[in-house]
Amino acid sequence: MKKFIIASTNEHKIREFQTMLKPFGIKVVPYKDVIKGQFEIEETGATFADNAKIKAEAICEKTGLPTFADDSGFCVKDLAGFPGVRSARFAEEVGGYDKAFEDIKNRLNGKCSEAKFVCNIAFAVKGEKTVQFEGKCYGFTVFPPRGENGFGYDSIFVPNSFGRTFAEMDDAEKNSISHRSVALAQFIKFIEKLTKEAEKKTAVKPLKTKATKVDAKIEESIPVVVEKEEEKIVVDENTFSVEVDEKFVAPEVPFSSESDEKK
Ligand code: ITT
């Protein structure tokens, strides 16, 4: 089983990643389990991509282990993408999520708006270029909040084509359509590609054999094969040679509606 460190303290996020990555043989270890004592990361970036990179690289640098981070948030179209990268901080500043919902409702004058969740995942490996993947889930706001599951802004967001908020869905249903699962699907594809490449490099090579007819006179019809000892190379399963495929690097893009996305 591979082990990746997650540069997050948000236990809901951590649990979602653990659930979604387990079937792929990847164990997700929170960085607080590895780094003892206080270690805070300042999210000084202007975009989800910037902040995900800051978090993943800070923990990778500190631990030397393959680390990924998620920077995510809730963006309301009629509020020009607010609260966006500030989603967690905004809720904290106004005194919790109930207050944040009330504030957003007031800013919208009680009207419904299109909205989206965005998740950017950055994966950092020591000595390699960090790779990033982005996922979005489009829908709209609802007030009052509905549902008890999930976390953050889940109870005021209804994904398109669904009549229920994220908070009214169970984990499996949310995980099948969420921004996090869309970004994660690309991340998994990338890991699978790396794993295949690593396997190819370490596969036991076909034996280079010399078929030597030892004594043709005695055993004319039976070729004697002299086998050389197998050469088996063992590598640490966490050690990858990361080849950055530019098409995997998802840039931060401005808000676009579902119709934009389909283009
Ligand atoms: P870490 O930085 O330690 O991972 P955080 O919660 O501060 O934890 P972010 O800076 O990425 O993480 O902020 C993400 C916030 O966006 C999160 O706290 C929620 O308010 C909101 N959010 C992101 N994904 C969400 C989801 O699936 N459901 C509801 N709200 C979500």
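Whatever order the structure lists ligands and atoms in, that order sets their numbers, starting from 1.
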Checklist line | salt_bridge(Lys53, Glu61) N-O dist < 4.0 Å | finding: no
Next on the checklist: Which label fits Phe39 and Tyr31: parallel for a plane angle under 30°, tilted from 30 to 60°, or perpendicular past 60°?
Outcome noted: perpendicular
Salt bridge (Lys or Arg N to Asp or Glu O under 4.0 Å) pairs touching residues 178-187, sequence neighbours excluded, are Glu16-Arg180, Asp70-Arg180
Taken in chain and number order and not counting sequence neighbours, the residues that satisfy side-chain hydrogen bond (donor to acceptor under 3.5 Å, both in side chains) with Asn10 are none
Is the Phe17 ring parallel, tilted or perpendicular to the Phe68 ring (thresholds 30°, 60°)?
perpendicular
Output for ligand 1, non-hydrogen cut-off under 4.0 Å, lists Ser8, Thr9, Asn10, Lys13, Glu43, Lys55, Asp70, Asp71, Ser72, Gly73, Ser87, Ala88, Tyr97, Phe117, Phe151, Gly152, Tyr153, Asp154, Lys174, His179, Arg180
Residues passing the side-chain hydrogen bond (donor to acceptor under 3.5 Å, both in side chains) test with Arg107, sequence neighbours excluded, are Asp103
